[in-house]
Amino acid sequence: MTPDDKDLDRARRLWDYLRLGAPAAPAECLLVFGGHDIGVAGRAAELYHAGIAPLIVVSGGSRAVPDGWDFPTEADAIADVLLRQDVAKDAIALERLASNTSENFWLSAELLRDLDLDPRSFLAVTKPYAERRLLATARRRWPHKTVAVTSEETGFEEYLAGEIPAERVLSGLAGETLRLESYAANGLIDPGDPVPGELLDTARALQAAGFNGRALP
């Protein structure tokens, strides 16, 4: 499905809300979230080489291995990029079971405990439009940790012109926005301020236009 100008305007408004765009600050550990967007790997390598953090935990199971990548898990696909971008192998720890954001936090904590590591500050690396929900999840799941969030440095038009189909991106934007409301109501996240009603309406309008690949069950 090809979005029209009205669809793109709606999507851009959601992008501007969901992406926080905070500058990356030093942390003890990068926590990289797996999924279909392999751009997280390049961003993590960039931050590692900039000295932002000495340790990288990559979390992601087999549910959303990037299209065209022949790896058993999201974590393995991301690790391949990190190694090819000269990140030291002993700086990378892989969590290969998580299938959702809450599990990313829970199972990464278990991995770090098994490694006898206890970082207190994290810079989470995710896809651009997942920043707000990830931070809301961190406030619920890791209230005792300091967690900031970052993503690939890109604009809406540039991201939309990338390898991920536009239909998938717009579906993701709508789904992320509505999940903030639903997950907050169910106690799964701590969203801070409620999602503005006009943005919820915008997300629903996108789904009604056919961009519903990430609709809630």
Side-chain angles (χ1 to χ4, degrees), residues 3 8 11-27 29-61 63-69 71 73-87 91-95 98 100-101 104-105 108 121-138 147-177 179-180 211 213-214:
L8 293 174
R12 189 179 294 104
R13 279 182 276 150
L14 298 182
W15 171 279
D16 290 342
Y17 174 71
L18 294 169
R19 188 173 192 201
L20 303 175
C29 180
L30 297 177
L31 179 57
V32 185
F33 285 69
H36 66 266
D37 186 348
I38 202 67
V40 297
R43 179 61 169 158
E46 172 189 335
L47 294 166
Y48 172 82
H49 289 303
I52 293 294
L55 172 66
I56 303 176
V57 172
V58 184
S59 176
R63 184 179 64 85
V65 176
D67 295 342
W69 289 69
F71 290 94
T73 70
E74 302 155 22
D76 287 291
I78 292 167
D80 178 71
V81 176
L82 295 175
L83 293 171
R84 287 191 281 110
Q85 295 195 15
D86 298 321
V87 174
I92 304 170
L94 301 184
E95 184 291 298
N100 58 56
T101 306
N104 289 129
F105 283 107
S108 293
S121 62
F122 293 81
L123 180 58
V125 185
T126 187
K127 56 183 178 287
Y129 57 85
E131 287 188 2
R132 186 175 288 272
R133 183 168 63 86
L134 191 151
L135 204 55
T137 308
V147 182
V149 64
T150 189
S151 63
E152 180 184 1
E153 294 187 313
T154 183
F156 174 70
E157 286 78 11
E158 182 182 0
Y159 190 81
L160 206 61
E163 296 182 359
I164 301 171
E167 181 176 355
R168 189 169 196 172
V169 175
L170 269 63
S171 293
L173 288 162
E176 284 289 327
T177 304
R179 277 167 173 75
L180 283 170
F211 301 98
R214 284 280 288 155

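- Considering only heavy atoms from C-beta on, Leu173 comes within 4.5 Å of Phe156 through its side chain.
- Contact annotation: the side chain of Thr154 approaches that of Arg19 to within less than 4.5 Å [non-hydrogen atoms, C-beta and beyond].
- Between Val65 and Asp76 there is no side-chain heavy-atom pair separated by less than 4.5 Å.
- The line from CD1 of Ile38 to CG of Asp67 is 11.0 Å long, rounded to the nearest 0.5 Å.
- In terms of heavy-atom proximity, Val81 sits nearest to Gly42 at CG1-N, 4.3 Å.
- Contact annotation: the side chain of Trp15 never approaches that of Leu160 to less than 4.5 Å [non-hydrogen atoms, C-beta and beyond].
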Trace of the side chain to side chain donor-acceptor pair (under 3.5 Å) decision for Ser151 with Glu131: CA-CA 7 Å; Ser151 63; Glu131 287 188 2; 2.6 Å; yes
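- Pairing each heavy atom of Phe122 with each of Ala27, the nearest pair is C-CB, 3.8 Å.
- Interatomic distance, OG1 of Thr137 versus CG of Asn104, reported as 9.0 Å (0.5 Å rounding).
- Atom CD of Glu163 sits in a sparse spot, with 12 or fewer heavy atoms from other residues, nucleotides or ligands closer than 6.0 Å.
- Looking only at side-chain heavy atoms (C-beta outward), Val40 and Val58 stay at 4.5 Å or farther from each other.
- The two atoms that bring Val147 and Ala124 nearest to each other are CG1-CB, 4.4 Å, heavy atoms only.
- Rounding to the nearest 0.5 Å places OG1 of Thr126 at 14.0 Å from CZ of Arg132.
- Here the closest heavy-atom approach between residue Leu94 and residue Ala75 is recorded as CD2-O, 3.9 Å.
- The side chain to side chain contact (heavy atoms under 4.5 Å, CB included) with Pro128 is formed by just one residue from the set Thr150, Asp37, Leu20; it is Asp37.
- By the 4.0 Å N-to-carboxylate-O rule, Glu176 lies too far from Arg179 to be salt-bridged with it.
- Electrostatic pairing of Arg12 and Asp16 does not count as a salt bridge here, judged by no charged N lying under 4.0 Å from a carboxylate O.
- The distance from atom CG of Leu123 to atom CG of Leu31, rounded to the nearest 0.5 Å, is 9.5 Å.
- Side-chain atoms of His49 come within 3.5 Å of backbone N or O of Gln85 as a donor-acceptor pair.
- Closest heavy-atom contact between Ala44 and Leu82: CB-CD2, 3.9 Å.
- Summarising the geometry of Gly34 relative to Ile78, their closest heavy-atom pair is CA-CD1, 3.6 Å, with the distance given to 0.1 Å.
- Here the straight-line distance linking atom CD1 of Ile56 with atom CG of Leu47 works out to 8.5 Å at 0.5 Å rounding.
- With respect to the salt-bridge test (charged N to carboxylate O, under 4.0 angstrom), the residues Arg63 and Glu74 do not qualify.
- The CG atom of Leu170 sits 9.5 Å away from the OH atom of Tyr129 when rounded to the nearest 0.5 Å.
- Two residues are said to be in side-chain contact when any heavy atoms from C-beta on lie closer than 4.5 Å; Phe33 and Phe105 meet this criterion.
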